Amino acid sequence: MSSSSTRNSKRRRKNSPVHDPSHAPVAVRRGMPWFDDGNIVLQSCDGVQFKVYKGLLAHHSTVFEDITSSPQPKVHGDIAEGCPLVILIGTGADLSTFLCLLSSRQVFFDCSIFIALQNFNFSFNACFTTGKITFQELRVMLQLGKKYRVSSLRNGAITRLRAEFPDTLDAHDKSSDILSSIDPDTCFLKEIAQLAWEEDIQIVLPDLFYSAINLSNADEFLRDNSVPLQFKAVLMAGTLFAFKEQSNIAFTWLRNDDIDHISQCEKASSCRNALHTFARLHFGWGRQTRERGLQRLSNWSSWPPSKLCDSCINSIDRRHEAERRAFWEALPSFFDLPSWEELREAADKL
């Protein structure tokens, strides 16, 4: 019996979700969900037990289907509350969130549905006016959804991220500055960005990184020891590239020579003065565009200076839109990511 147990332990994969029972025992306590008529007990590595249904687990997860249908040694042969006991690798808090999500009636849209709706210029954020999830739920849906192969959870999290941080400029323009499907009171954009980066959800990273570096305090971010150095390097390098690109192609209609060139109209003097005043107010003193923040993707409707003639407004509007789209197409490259087209192809395989 002892030699058999040893052999089973040696054969267990390092990334197995099943906990090694030979570890020191922990104090056991009940967690939620707990169904009195459940037929299997799951226990976290920190001693929290959950009584649930084998059929529910097996229906959603091929990993649990394998665990619950395997011979007794795979579940250690232990009994709790008259049911087979499976000790898992994972904290009680994470497993509680995971099992509550599986037990709820919440609908998780498949990414293919989201993409189809997005192609019809559907405002997908409208689907999430209620039922926001917390950052903890988002993290568990991604991480445990992948670990236990629950595609509905992981795809649901990816769908929400893609709705919040789209891969087209038109969808970006329609999206809100306030998170609509994830509770903003439970996290910062920096945390969502780090999670998406760690989980390699690359399709959302360009817009997510852009949003994060707009709102995050760079000095505070660099001093945060909880942020991995590699992630800091990616985000800060991308910030530098974005500002450099912005200074090269952004708001060129506010530069000295360009202002003089654009304002060749019947009210040239008035239009030039209006643009110079606008440049000083929004981008610093003098007639150079010294951006106070990364605002390259702002719509023209956010910028039109007053006292411009219709000719100048139409000319600048077209120019600003062309520069905005050029910046968007270059956005993934700032963070050393593939092109938008490649990112979309890879996203279909997530």
Side-chain angles (χ1 to χ4, degrees), residues 17 29-35 38 42-46 48-53 56-64 88-114 124-166 175-205 207-208 211-212 215 226-227 231 347 350:
R29 57 198 184 279
R30 282 191 182 186
M32 292 295 294
W34 183 277
F35 300 104
L42 306 181
Q43 180 176 313
S44 66
C45 62
D46 52 355
V48 183
Q49 291 187 342
F50 309 92
K51 193 174 184 182
V52 291
Y53 305 103
L56 176 69
L57 297 176
H59 174 73
H60 287 288
S61 164
T62 56
V63 172
F64 278 113
L88 301 172
I89 298 173
T91 67
D94 283 358
L95 284 175
S96 176
T97 300
F98 174 73
L99 294 171
C100 284
L101 286 168
L102 287 188
S103 304
S104 73
R105 293 180 179 273
Q106 188 169 2
V107 176
F108 300 105
F109 292 93
D110 188 89
C111 284
S112 60
I113 300 177
F114 163 67
F124 202 71
N125 284 331
C127 293
F128 299 117
T129 53
T130 59
K132 290 184 179 182
I133 61 173
T134 65
F135 177 73
Q136 161 75 359
E137 290 172 325
L138 177 71
R139 183 181 60 79
V140 166
M141 288 168 71
L142 285 173
Q143 295 179 343
L144 271 65
K146 177 172 66 175
K147 180 177 182 178
Y148 294 115
R149 298 177 196 165
V150 182
S151 59
S152 59
L153 287 188
R154 186 168 173 84
N155 287 347
I158 293 173
T159 299
R160 288 173 183 268
L161 286 173
R162 294 190 68 178
E164 300 284 3
F165 308 102
S175 63
S176 170
D177 291 336
I178 302 174
L179 295 174
S180 57
S181 66
I182 303 165
D183 187 350
D185 294 331
T186 63
C187 61
F188 297 101
L189 277 181
K190 179 185 66 178
E191 295 172 309
I192 299 178
Q194 182 177 335
L195 175 64
W197 175 75
E198 291 173 344
E199 290 299 308
D200 203 30
I201 315 297
Q202 293 191 354
I203 188 65
V204 304
L205 292 182
D207 194 33
L208 178 50
S211 301
L215 299 179
S226 67
V227 179
F231 177 67
L350 287 174

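Everything numeric in this text was worked out from a predicted model, so none of it was measured.
Here the closest non-hydrogen pair linking Ala193 and Leu208 is CA-CD2, 3.4 Å. The two atoms that bring Cys100 and Met32 nearest to each other are SG-O, 4.0 Å, heavy atoms only. When all heavy atoms of Glu191 and Thr186 are compared, the pair lying nearest together is OE1-O, 4.4 Å. Residue Ile182 comes nearest to Cys187 through the heavy atom pair CG2-SG, 4.3 Å, listed as atom of the first residue, atom of the second, then distance. Nearest heavy atom pair, residue Arg154 against residue Lys146, reads NH1-CB, 3.7 Å. Annotation for Leu88 and Leu95: closest pair CD1-CD2, 4.1 Å, computed over non-hydrogen atoms.
For Asp185, there are no side-chain hydrogen bond (donor to acceptor under 3.5 Å, both in side chains) partners at least two apart in sequence or on another chain. Remark: Arg29 pairs with no residue by the salt bridge (charged side-chain N to carboxylate O under 4.0 Å, His left out) rule, at least two apart or across chains. Shown here are the side chain to side chain contact (heavy atoms under 4.5 Å, CB included) partners of Thr91, two or more places apart in sequence or in another chain: Asp46, Ala93, Asp94. Partners of Phe35 by side chain to side chain contact (heavy atoms under 4.5 Å, CB included), not counting sequence neighbours, listed by chain and number: Pro33, Asp37, Val52, Tyr53, Ser103. A search for side chain to side chain contact (heavy atoms under 4.5 Å, CB included) contacts involving Gln143 returns Arg139, Leu195, Glu199, not counting sequence neighbours. With sequence neighbours excluded, the residues that form a side chain to side chain contact (heavy atoms under 4.5 Å, CB included) with Ser61 are Val63, Phe64, Tyr148, Val150. Residues satisfying the side-chain hydrogen bond (donor to acceptor under 3.5 Å, both in side chains) test with Ser96, not counting sequence neighbours, are none.
In this structure, the side chains of Trp197 and Val204 stay at 4.5 Å or more apart for every pair of heavy atoms. Counting heavy atoms from C-beta on, the side chains of Leu138 and Leu161 come closer than 4.5 Å.
In this structure, Asp207 CG and Arg162 CZ are separated by 12.0 Å, a value rounded to the nearest 0.5 Å. Rounding to the nearest 0.5 angstrom, the gap separating the CD1 atom in Ile203 from the CZ atom in Phe165 is 13.5 Å. With values rounded to the nearest 0.5 angstrom, Leu57 atom CG is found 5.5 Å from Leu42 atom CG. Of the inter-residue distances, the one linking Arg30 atom CZ with Phe50 atom CZ reads 12.5 Å to the nearest 0.5 angstrom. Distance check, rounded to the nearest 0.5 Å: NZ of Lys147 to CG of Leu153 gives 14.0 Å.
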Evaluation steps, side chain to side chain contact (heavy atoms under 4.5 Å, CB included), between Ser180 and Glu164: CA-CA 7 Å; Ser180 57; Glu164 300 284 3; 3.3 Å; yes

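Distance alone, capped at 3.5 Å, places no donor-acceptor pair between the Thr97 side chain and the Glu137 backbone.
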